[in-house]
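Residue numbers count from 1 along this sequence. Computation of the quantities below employed the complete heavy-atom set of this structure, encompassing side-chain atoms and omitting hydrogens, waters and symmetry-equivalent molecules.
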Amino acid sequence: MPATLRSLLARRDLGLRLLTGTSQDDTIAWLHSSDLPDPTPFLTAGQALLTTGTQFGADAEVPRTVADDYVRRLTDHGVVALGFGTEVVRAGTPDALVGACRAHGLPLFEVPYATSFIQVAQANAETAAKDANARDAWALAAQRAISFAAMRPDGLGATLAELSRQLDCWVGLLDVSGRLDRAFPPDGITADQVDQLRTESARLLRGGHRASLPVRTTSGGFTLQTLGSGGHLDGILAIATGTLDHAGREVVTAVIALAGLALQQNRELGRARGLLRTGLLTMLSSGNPDVVATTSRELWGPLPAEPVRVAAVHVEDGDRDAVVDLLELWVQDRPGHLFFAVDDDLFLCVGADDAGLDTVRALTERWDLHAGLSDDTSYGSFGRARAQSVLALGRSREGRPGLVAFAELARDGVLAHLAHTDAADVAAAFLAPLTDHDAAAGSDLTRTVRTWLEQDCEYDRTAQVLGIHRHTARARVEHAGRLLHRDLGRFATRADVWAAFVALPTG
């Protein structure tokens, strides 16, 4: 039983009498006695005060303004109760003081002459000591029960369930995506509260540092505590209690350590599984889908059904662990819709249906990632699809983050792809006879040839675009052919020259 005004009033040997106040359950940290007009400089919040009223003088009536100012100072300072000793200065408790305490909501009790202030203070101290000992004993018993729970098959879940039982409150675990992974009791809070906890948890997780955060909702308070080490958080422990005493904090600290250890073990296991995924990816690329399908079915569920599409996603080193954690959760939620593996700095994701592709899109949007997507394929052609996804990723990385499909590259055509390759140096060397001649002679052969090709090799249209005579256009093109040592009358030569212009757009 904590040390409160209620516990003091229950001590019949003290003979205390409650005069005002319905709040009797605030913890009294200490009892202090003073007859100063303003004792607040010597008090701290959570204490109770005992006084004989000497500060009010010997007059029968205490001015209401004096009593009101006195009580207001006490309540503003956080004093939780006031005890008045009778028969020392005056026969009873002043009416003005009673009225002021009632007006400000400060509990007021009367201490009879036969009871010394030291007796009251000692009684409170004894109750506080007993309560502290009881809380310490409870903390030890709770930690022992939680330790035993941690040794059960589902150690993490059993630990959280035991914490909920010991604290007699709702306890939840939110994963790295901010999703409520498990809760005890399962329906202990409302959907609105879950949404608010997810929002606050996501903020803590984005910070990436170990932290504790009190959260107030319309229905009560919560404490959020990160799990894991700084730089790699593993989740959030949520407890439906705004404040905890020392014993409660000790128990929660023990759970945080156990939960962190369990999640650390899960992460180490996840790394081993990641290496296995990479090995299976290599086997898929080399054309051994049957072995991969068997292994995947045992560990993660079936491979996505054919036809599949392969996505290559670039992830920075600092985000890699978080992306792996999130993908693992998504794979667990929807077995058979996605397979993924890490290869150097790329995430290769294999999906079959809209759910699998939506997962990749959600991933790129969440982290602003670049990604490339292959055409539909069978596992027998996985190597080709993987190459397509990497090519599409290269195009994605030239622009804003997002998903680029290989089909978009195909629609642009083969020649358009040259502008995104390393062919520029070759193109510059190929066209050098024209560009060098133009630079030396001040001619315009390069622009004329390009315009001629753009106008489907028609001299009349070329001349019209350039503002010259068609015979001049023809003469320039023939001169260019001699400089290039190529017959521009042949289709193959024209295609080669046009490819050079495409590879060197500024040519």
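The backbone N or O of T377 sits nowhere less than 3.5 Å from a side-chain atom of S381 that would complete a donor-acceptor pair. Looking only at distances, no side-chain donor or acceptor of H32 sits under 3.5 Å from a matching main-chain atom of L49. With hydrogens and angles ignored, the 3.5 Å screen pairs a side-chain donor or acceptor of S374 with a backbone N or O of V310. Put simply, the side chain of T294 gets close to the backbone of D290: a donor and an acceptor are under 3.5 Å apart. For S34 (side chain) and L36 (main-chain N/O), a donor-acceptor pair under 3.5 Å exists by modelled atom type. No donor-acceptor pair closer than 3.5 Å links the side chain of T295 to the backbone N or O of V292. Within the 3.5 Å criterion, the main-chain N or O of Y379 finds a donor-acceptor partner in the side chain of E306. In this structure, W30 contributes its side chain and A48 its backbone to no donor-acceptor pair below 3.5 Å. A donor-acceptor contact shorter than 3.5 Å is absent between the side chain of S7 and the backbone of A3.
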Please lay out, stage by stage, how H314 and L393 fare under the test side chain to side chain contact (heavy atoms under 4.5 Å, CB included). CA-CA 8 Å; H314 174 72; L393 171 62; 4.3 Å; yes
Could you go through L74 and L43, starting from their C-alpha distance and side-chain angles, then the distance that decides it, and tell me whether this counts as side chain to side chain contact (heavy atoms under 4.5 Å, CB included)? CA-CA 9 Å; L74 297 182; L43 300 174; 4.3 Å; yes
Residues T40, D38; criterion side chain to side chain donor-acceptor pair (under 3.5 Å); working and verdict: CA-CA 6 Å; T40 55; D38 182 12; 2.6 Å; yes
Give the C-alpha distance, both sets of side-chain angles, the deciding distance and a yes or no for side chain to side chain donor-acceptor pair (under 3.5 Å) between Q47 and T44. CA-CA 6 Å; Q47 291 184 342; T44 58; 3.3 Å; yes
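In this structure the side chain of F184 never reaches within 4.5 angstrom of the side chain of R165, judged on heavy atoms. Residues P107 and T20 form no side-chain contact, since every pair of their non-hydrogen atoms from C-beta on lies 4.5 Å or further apart. Taking 4.5 Å as the limit, some side-chain heavy atom of T226 sits within range of a side-chain heavy atom of I236. Contact annotation: the side chain of C101 approaches that of L82 to within less than 4.5 Å [non-hydrogen atoms, C-beta and beyond]. Side chains of L9 and Q24 form a contact here, defined as non-hydrogen atoms less than 4.5 Å apart. Between P304 and F339 the shortest side-chain heavy-atom distance falls below 4.5 Å. Side-chain contact between L348 and R386 is present, with at least one heavy-atom pair separated by less than 4.5 Å. Between L5 and L18 there is a side-chain heavy-atom pair separated by less than 4.5 Å.
The existence of a salt bridge linking E200 and R216 is excluded, since no basic side-chain nitrogen approaches an acidic carboxylate oxygen closer than 4.0 Å. Salt bridge status for R73 with D69: absent, with no side-chain N to carboxylate O gap under 4.0 Å.
S116 and Q119 form a side-chain donor-acceptor contact under 3.5 Å, judged by distance and modelled atom types alone. When only modelled atom types and interatomic distance are considered, H337 and T359 share a side-chain donor-acceptor pair under 3.5 Å. T93 and E110 are linked by a side-chain donor-acceptor pair at a separation below 3.5 angstrom, with hydrogens and angles left out of the test.
Ring geometry for F347 versus F340: interplanar angle under 30°, hence parallel rather than tilted (30 to 60°).
The heavy-atom pair separating L31 from A121 by the smallest distance is CD1-CA, 3.7 Å.
For the atom pair CG (L197) and CD1 (I189), the distance works out to 5.0 Å, reported to the nearest 0.5 Å. Here the CH2-CZ distance, from W170 to F222, works out to 6.0 Å after rounding to the nearest 0.5 Å. Annotation: the span from T127 atom OG1 to I28 atom CD1 amounts to 9.5 Å, rounded to 0.5 Å. With rounding to the nearest 0.5 Å, the separation of CG in L204 from OG1 in T199 is 11.5 Å.
Within 6.0 Å of CH2 in W367 there are more than 12 heavy atoms belonging to other residues, nucleotides or ligands. Atom CG of D13 sits in a crowded spot, with more than 12 heavy atoms from other residues, nucleotides or ligands closer than 6.0 Å.
Under the side chain to side chain contact (heavy atoms under 4.5 Å, CB included) rule, R309 has a single partner from D376, V360, V350, which is D376.
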